[in-house]
Number of protein chains: 2
Amino acid sequence: MGKDSLAGGTYGIPLYRELQRRLTRALSEGTWKPGEALPSESRLAQQYGVSIGTVRKAIDELVSGRILVRQQGRGTFVATHTADRLLFHFFHVVPRSDGHGRPPGTEREMPRPVLRSFRRAAAGATVARELGIDAGAPILRIDNLLLLGARPVIVDEISISAPLFPDLDRQRFEGRPGTIYGLYQADYGINVVRSNERLSAVACPPAIAKLLGLRARQPVLNIRRVAYTYADRPVESRVSWVDTREHEYLSDLWKSDPDHDR
Amino acid sequence: MGKDSLAGGTYGIPLYRELQRRLTRALSEGTWKPGEALPSESRLAQQYGVSIGTVRKAIDELVSGRILVRQQGRGTFVATHTADRLLFHFFHVVPRSDGHGRPPGTEREMPRPVLRSFRRAAAGATVARELGIDAGAPILRIDNLLLLGARPVIVDEISISAPLFPDLDRQRFEGRPGTIYGLYQADYGINVVRSNERLSAVACPPAIAKLLGLRARQPVLNIRRVAYTYADRPVESRVSWVDTREHEYLSDLWKSDPDHDR
DNA sequence: TCAAACAACTCATCTATATGAATCCTTCCA
DNA sequence: TGGAAGGATTCATATAGATGAGTTGTTTGA
């Protein structure tokens, strides 16, 4: 029975759920970094003084929540923000599928970001509420134009709490090797695991319309996303404006992932 | 070992997955109707000649896919289309949450439907493709206006394959006791278990605008939904027009359900 | 040197069993 | 008549172990 043994611990709540809580906390504390392997199931079982089946049950939900990834013969790993993961779990804009026989959601394409502005600002009421910080608190405000194919399709307005991302500046942001969530993860140990989006149709503001090559007041899809890390801690508030003339927003609550069979 | 034993059966694919396949097929054949209980886990184990753990694993995914519902001490039941289930899994339009401290998604309200028209028609190309039938095949076309509070917010244009719903007429449709999916289920044994939605922002057609109390060409949210039953068989194609001045579309891929913890 | 064989390790599947918790039904007694 | 007690049945949790499959690294042998 290892030093972290759960034996004789919490009452009322199941062992596997308590173990899950501890694993999640360890994850949020950076005990194992994204891409790294956790100890093997048998070692975890030994360490926490539970059976291997209980360890598997604790891990099961973290895997189905895309927080961990299991690989037979290799181990269990902390999920990383690869381009694929971004595409299938956090990026829902796809080419329209009107008419063609092709099933929706296939042939997704990685958006090419063009940085429009990077600056420090103070949180407005809405962003503050979404990020769980005080109104007026310092934030970083990043405006991006996303190209799909050759065409500008999305304008992203990103707000993140400045103290969470020390020393993040324009150079560093633009020089990131992968996705934005990959940057949060690799440079700041913040792993975005879930997001929540609220959509509405609005008349396009002139400034946005100019970027999208749209006439002002034309209908655009407005998306407010809040991205969360472990334990539902908000990390990023993002407002997107989507030109849906040639693209659409795909919401497929199940089977959104070709790899992940369930 | 029961007559349905899986022993010595399929090679290569796991027992629990084969059992899952058989259960799904039995479900689609109406062996157990919605609301009814399946045989107990121990009985299923006996019947199929597998251990109880394997039965649980087979059922696990059907439960997480909301196809079955487990109740400790009672049994395992085929999910039914209660108002709650509709609200949380198939109805994503909620009051805007701008400004208020209230978390998004709470305080949902059941829409009140007003039937605008019920008629027989021929499937157009898009609907035919979505329903997996031939273009020109007979369909039922139902137009609904949905009120949230006192206000008209959504126009629904529903298309279903006529042969799938024999003898369905306006009286029967309007006289249904519960939701539309409840009608499909109770009267035709068709259990909608999944849906897929594609959203875009468009200028509101005049006919729709009149119903929603909106000026023509104002931005509205256009939703194309295809609803599926077991084994990904399409059942319904629905086009919705949503007035998002006071409401918005909520897309929360995880924790959309207060009951269902995962 | 190269490649096959092997060993050691991982997660995946499957079994068997025990105990607890929730529900339902019957029995029994005041 | 009513309600408590008990028993039977259900799913929920937890354990222990066997076997299989996939991966990795090492050893062996031609």
Side-chain angles (χ1 to χ4, degrees), chain A residues 1-2 5-23 32 35-64 66-79 259-262, chain B residues 1-2 5-23 32 35-64 66-79 259-262:
Chain A
M1 194 184 296
S5 171
L6 297 179
T10 51
Y11 307 95
I13 84 165
L15 260 182
Y16 76 91
R17 203 160 280 287
E18 170 61 15
L19 174 54
Q20 189 182 59
R21 212 182 55 80
R22 292 218 199 176
L23 293 177
W32 311 293
E36 284 184 10
L38 269 65
S40 73
E41 293 173 351
S42 55
R43 197 182 317 278
L44 284 172
Q46 198 184 345
Q47 207 169 110
Y48 287 96
V50 299
S51 84
I52 213 170
T54 302
V55 171
R56 278 188 73 78
K57 184 149 187 178
I59 291 179
D60 272 348
E61 299 195 3
L62 298 178
V63 168
S64 91
R66 331 262 176 180
I67 291 172
L68 298 178
V69 174
R70 278 202 271 236
Q71 286 185 45
Q72 187 177 358
R74 305 225 309 132
T76 303
F77 303 83
V78 183
D259 310 313
H260 203 264
D261 42 39
R262 40 141 52 233
Chain B
M1 196 183 295
S5 171
L6 298 179
T10 52
Y11 307 95
I13 85 165
L15 260 181
Y16 77 89
R17 204 161 282 287
E18 170 61 15
L19 174 54
Q20 190 182 56
R21 212 183 54 81
R22 293 220 199 174
L23 292 176
W32 312 293
E36 283 183 12
L38 269 65
S40 73
E41 293 174 353
S42 55
R43 198 181 315 280
L44 284 172
Q46 199 183 347
Q47 208 168 110
Y48 288 97
V50 300
S51 86
I52 214 171
T54 302
V55 171
R56 277 189 74 79
K57 183 150 187 178
I59 290 178
D60 273 347
E61 299 195 2
L62 299 178
V63 168
S64 90
R66 331 262 175 180
I67 291 171
L68 298 178
V69 175
R70 280 202 270 236
Q71 286 185 47
Q72 186 176 0
R74 305 226 308 134
T76 303
F77 303 82
V78 183
D259 310 314
H260 201 266
D261 43 39
R262 39 141 51 231

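Note: hydrogens, waters and symmetry copies are ignored here, and every other heavy atom, side chains too, is used.
Within the structure, the salt bridge (Lys or Arg N to Asp or Glu O under 4.0 Å) test picks out the following pairs touching residues 37-55 of chain B (sequence neighbours left out): B:E41-B:R56, B:E41-B:R70.
Rounding to the nearest 0.5 angstrom, the gap separating the CG atom in A:L19 from the CZ atom in A:R21 is 10.5 Å. Put simply, OH on B:Y48 and OG1 on B:T54 are 13.5 Å apart, with the number rounded to the nearest 0.5 Å. With values rounded to the nearest 0.5 angstrom, B:S42 atom OG is found 10.5 Å from B:Q47 atom CD. For the atom pair CD (B:Q20) and CD1 (B:I67), the distance works out to 8.5 Å, reported to the nearest 0.5 Å.
Judged as a side-chain contact (heavy atoms from CB on, under 4.5 Å), and not counting sequence neighbours, the contacts of A:E36 are A:W32, A:K33. Taking B:T76 as the reference, nothing meets the side-chain hydrogen bond (donor to acceptor under 3.5 Å, both in side chains) condition, with sequence neighbours excluded.
Summarising the geometry, the separation between CG on A:L38 and P on C:dC9 is reported as 19 Å, rounded to the nearest angstrom. For the pair B:E61 CD and C:dT13 C1', the interatomic distance rounds to 13 Å; values are reported in whole Å. Summarising the geometry, the separation between CZ on A:R70 and C1' on C:dT13 is reported as 12 Å, rounded to the nearest angstrom.
Taking the side chain as every heavy atom from C-beta outward, A:L44 and A:I59 approach each other to under 4.5 Å.
The outermost nucleotides of DNA chain D lying under 4.0 Å from heavy atoms of chain A, listed 5' to 3', are D:dT13 to D:dT24.
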For the pair B:L68 and B:V78, evaluate side-chain contact (heavy atoms from CB on, under 4.5 Å) and give the outcome as yes or no after the intermediate values. CA-CA 5 Å; B:L68 298 178; B:V78 183; 4.3 Å; yes
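Of all heavy-atom pairs between B:F77 and B:G35, the closest is CD2-O, 3.5 Å.
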B/S/- contact track for nucleotides 14-22 of chain C, protein heavy atom under 4.0 Å: SB----BBB
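The bend of the helix from C:dT1-D:dA30 to C:dA30-D:dT1, defined by the angle between the axes of its first five and last five pairs, stands at 10° to the nearest 10°.
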